[in-house]
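Data block below; observations after.
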Amino acid sequence: VTSIGETAFSNCSSLQSVIIPASVTSIGNRAFYGCSSLTSVAIPASVTSMEMYAFFNCSSLKSVIIQEGVTSIGSWAFSGCKSLTDITIPESVKSIGGYAFSGCEALKSVTIQEGVTSIGYDAFYECSSLQSVTIPSSVTSIEDKAFSGCSSLTSVAIPASVTSME
């Protein structure tokens, strides 16, 4: 298996766990959309792209491990994952898509490692429990409302490398 296709497991509401083999290089649009019982997932280093809505509304998803190798996180990829508490974006990721983590109400901590250059519009919109964000100096663009509605956010250090913040 080299890819998990579009809507492959969409709305499999009883699916609790998934092991993505190291042979997979892409996770398609809406691949795990609405898998409301899914609790954890590890994205292997072989995966280079995660398309839009890949894990959208996986409301029980508590743990996501993104291995070094993924280059982009698609728009809405983890939006609505209401049980997710923390996320580390590895340095291989260059861009975080719009609304990628929006509505992740339990998300408290985000670590974005050196290498990421852009944070998409509304990427962390309405992450109401988000308290801390680490933004590396590799980031040059933070799009419109990236952290809008993050009512628990107490401090953010914007590096000098950011040339565009809408």
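From I119, atom CD1 reaches atom OG of S95 across 10.5 Å, with rounding to the nearest 0.5 Å. Taken from OG in S26 to CE in M50, the straight-line distance is 11.0 Å, to the nearest 0.5 Å. In this structure, E105 CD and C127 SG are separated by 9.0 Å, a value rounded to the nearest 0.5 Å. A distance of 11.5 Å separates SG of C104 from CD of E126, quoted to the nearest 0.5 Å. Separating the CE atom in M52 from the CG atom in N29 is a distance of 5.5 Å, to the nearest 0.5 Å. Between atom CD1 of residue I96 and atom CD1 of residue I142 there is a gap of 9.5 Å, rounded to the nearest 0.5 Å.
When atom types are taken as modelled, the side chain of S37 and the backbone of Q16 share no donor-acceptor pair closer than 3.5 angstrom. S46 contributes a side-chain N or O that, together with a main-chain N or O of A22, makes up a donor-acceptor pair within less than 3.5 Å. Here the side chain of S129 pairs no donor or acceptor atom with the backbone of K108 at under 3.5 angstrom. Side-chain N or O atoms of S92 include one that pairs as donor or acceptor with a backbone N or O of V70 at under 3.5 Å. Proximity of a side-chain donor or acceptor of T117 to a complementary backbone N or O of S138 within less than 3.5 Å is not detected.
For S36 against S60, the heavy-atom pair with the smallest separation is O-OG, 2.6 Å. E68 and P90 make their closest contact through OE1-CB, 3.5 Å (heavy atoms, listed as atom of the first residue, atom of the second, distance). D122 and K145 get closest at one heavy-atom pair: OD1-CB, 3.0 Å. Residue L153 comes nearest to S132 through the heavy atom pair CD1-N, 3.9 Å, listed as atom of the first residue, atom of the second, then distance. Closest approach of A77 and E51 over heavy atoms only: CB-O, 4.3 Å. Pairing each heavy atom of G97 with each of A123, the nearest pair is O-CB, 3.9 Å.
Of the N and O atoms on the side chains of S79 and S102, at least one donor lies less than 3.5 Å from an acceptor on the other residue. Between the side chains of E114 and S137, at least one donor-acceptor pair of N or O atoms lies under 3.5 Å.
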K94 vs S72, side-chain contact (heavy atoms from CB on, under 4.5 Å): CA-CA, chis, key distance, verdict:
CA-CA 6 Å; K94 300 304 173 210; S72 67; over 6 Å; no
Go through F147 and I135 one step at a time and tell me if the side-chain contact (heavy atoms from CB on, under 4.5 Å) criterion holds.
CA-CA 12 Å; F147 297 97; I135 300 174; 4.3 Å; yes
Begin from the C-alpha positions of Y121 and S75 and carry the test side-chain contact (heavy atoms from CB on, under 4.5 Å) through to its verdict.
CA-CA 9 Å; Y121 55 90; S75 295; 4.1 Å; yes
Would Q113 and T88 count as a side-chain contact (heavy atoms from CB on, under 4.5 Å) if you check the C-alpha gap in whole Å, the side-chain angles of each, and the deciding distance to 0.1 Å?
CA-CA 7 Å; Q113 294 183 346; T88 297; 3.5 Å; yes
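Within 6.0 Å of atom OH in Y125, 12 or fewer heavy atoms from other residues, nucleotides or ligands are found, so the atom counts as exposed in its surroundings. Counted within 6.0 Å of CD1 on I158, heavy atoms from surrounding residues, nucleotides or ligands total more than 12; the atom is thus considered enclosed.
Aromatic pair F78/F56: ring centres not closer than 6.0 Å.
I112 and V162 fall within a single hydrophobic cluster, where Ile, Leu, Val, Met, Phe, Trp and Tyr are joined by side-chain heavy atoms under 4.5 Å apart, directly or via other members. A single hydrophobic cluster is seen to contain both F9 and V18, as judged by linkage of ILVMFWY side chains at heavy-atom distances under 4.5 Å, directly or through other members.
Taking 4.5 Å as the limit, some side-chain heavy atom of I73 sits within range of a side-chain heavy atom of I66. In this structure, F32 and L61 have side chains that are not in contact, with every pair of non-hydrogen atoms separated by 4.5 Å or more.
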